[in-house]
Structures are given as structure tokens and as C-alpha cells.
Amino acid sequence: WFQFTLAGLKRINPDWPVCHVSYFEADAFARWSGRRLPTEFEWEAVGQGIGAANDFGHEPFADVLFDRNNAIHPTRSPHRLLGGVWQWTSSSYGAYPGYQALAGALGEYNGKFMCNQYVLRGGSVATSSSHIRPSYRNFFPADARWQFSGIRLAQ
């Protein structure tokens, strides 16, 4: 079995985390396994106290020079919370409770960006290391399979 990576076609390594799955696929797997996807608030609560210094290990990130002879693919332990793959949550992307936009602001918190999106947490190998932290939110449509999206289960 092979898969296409950013470094070309590579043999599948069974130790690599599952990635490039949609929200629908992640949710279906969670239900099939008798578990569920965590809410983004559960995910962030688990991530408190985890910092860049003790969680990056040797995983390359987007701002690090890659070895072109190796597949650019998440290789981290699935037990690591940060880096590797973005992890789907069961939370719809919306403003945090109590958020109030500044007068005249059109930034990130407006309807066209929040509509029909789900929150992902944790970053990936294609994320700049300066963005890897437990509080960083990402979002994609539920059918999106790109950007190294993966699964973390809750019970």
C-alpha cells in the first residue's frame, strides 16, 4: 500500500497516525469504536500545561527545513497532543462564549467564516511551530480531508 505525500508516493507506514480524514469520517470512526470526538473545550482542558518545549520532540513543522528523501508526513506518537495531525473536535466553529467584536471589526469572527465549520486542535506537520499551542483553533468544513486532519477520541 502506498500514499501520496508532499515528498511524492511513499509506502504506508502502519505506525504513522491516520490523517486526511473528514469530520464525517472521524465522527463515524469514533461512534464505531464506542467513543466520541471531544469538544474543543475538553480538548483545550487536556492541553493545559502542555507547552512547546516539552511536546515538540523531533517532529518537523512547516517552518523547518524538510529532508526531501523522507515523506513529509506526521510520524509522532498518536498519544502526543500537539503537532502531527490536526484533531477534529465535535464543536462547531463559533465565537467563544462572551466574545464581543470591537466596534467596526470585520475580522475572523464573522458569519462567512463560522458557517458550517468544525474546530480542529493541535496543529500538524504543515503548521508553523509558532502556532502550535493548546489554545490555537483551526476550522474546516466537515467534508474537508486535507491539511493533515486526524482523530482523537474521548469517552
Side-chain angles (χ1 to χ4, degrees), residues 3-7 10 12 16-52 54-57 59-64 66 71-155:
Q3 70 179 24
F4 196 79
T5 72
L6 294 175
K10 299 291 179 180
I12 289 179
W16 284 352
V18 171
C19 70
H20 308 304
V21 296
S22 71
Y23 169 84
F24 297 128
E25 293 164 330
D27 183 60
F29 179 80
R31 291 171 190 265
W32 172 84
S33 68
R35 297 192 179 137
R36 62 182 175 79
L37 298 177
T39 67
E40 77 167 303
F41 301 109
E42 289 173 325
W43 194 102
E44 190 169 336
V46 169
Q48 294 305 310
I50 295 177
N54 66 7
D55 197 59
F56 280 177
E59 185 76 58
F61 291 97
D63 54 346
V64 177
F66 294 110
I72 299 171
H73 189 90
T75 58
R76 296 174 60 114
S77 161
H79 303 293
R80 292 277 181 118
L81 198 62
L82 300 174
V85 297
W86 285 103
Q87 298 158 30
W88 286 105
T89 71
S90 62
S91 300
S92 294
Y93 184 71
Y96 277 131
Y99 173 80
Q100 293 183 4
L102 297 174
L106 294 176
E108 176 178 300
Y109 285 105
N110 65 33
K112 72 179 182 179
F113 290 114
M114 289 193 247
C115 184
N116 299 320
Q117 310 274 343
Y118 280 86
V119 174
L120 296 99
R121 293 298 193 105
S124 78
V125 295
T127 305
S128 171
S129 61
S130 66
H131 288 77
I132 304 291
R133 61 186 181 277
S135 62
Y136 191 79
R137 306 169 84 198
N138 200 352
F139 57 93
F140 290 124
D143 62 346
R145 285 188 171 145
W146 55 283
Q147 223 303 352
F148 302 100
S149 53
I151 303 169
R152 178 162 301 276
L153 300 176
Q155 27 185 74

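Side chains are part of it too, since the values below use all heavy atoms of this structure and drop only hydrogens, waters and symmetry mates.
- Distance NE2/H131 to OG/S124: 11.5 Å, rounded to 0.5 Å.
- Note that the CD atom of Q147 and the CG atom of L120 stand 8.5 Å from one another [nearest 0.5 Å].
- Between L37 and A30, the shortest heavy-atom distance links the atoms N-CB, 3.9 Å.
- We find the CH2-OG1 distance between W86 and T127 to be 4.5 Å, quoted to the nearest 0.5 Å.
- Other residues, nucleotides and ligands contribute only 12 or fewer heavy atoms inside 6.0 Å of the CZ atom of R31.
- Not counting sequence neighbours, the partners of E44 by the side chain to side chain contact (heavy atoms under 4.5 Å, CB included) test are Q48, Y96, R121, S135.
- Of all heavy-atom pairs spanning S149 and A144, the tightest one is OG-O, 4.3 Å.
- The shortest distance between side-chain heavy atoms of D27 and W88 does not fall below 4.5 Å.
- Between A142 and S22, the shortest heavy-atom distance links the atoms O-CB, 3.3 Å.
- Judged by distance alone, with hydrogens and angles left aside, the side-chain atoms of S91 form no donor-acceptor pair with the main-chain N or O of V119 at under 3.5 Å.
- Here the CZ-CD distance, from F140 to Q117, works out to 9.0 Å after rounding to the nearest 0.5 Å.
- Closest heavy-atom contact between P134 and W43: O-CZ3, 3.5 Å.
- For T39 (side chain) and S90 (main-chain N/O), no donor-acceptor pair under 3.5 Å exists by modelled atom type.
- In this structure, T89 and Y23 approach most closely via the heavy-atom pair O-CE1, 3.3 Å.
- Here the OH atom belonging to Y118 is positioned 12.5 Å from the CD atom belonging to E40, to the nearest 0.5 angstrom.
- Closest non-hydrogen pair, G150 versus V85, comes out as CA-CG2, 3.9 Å.
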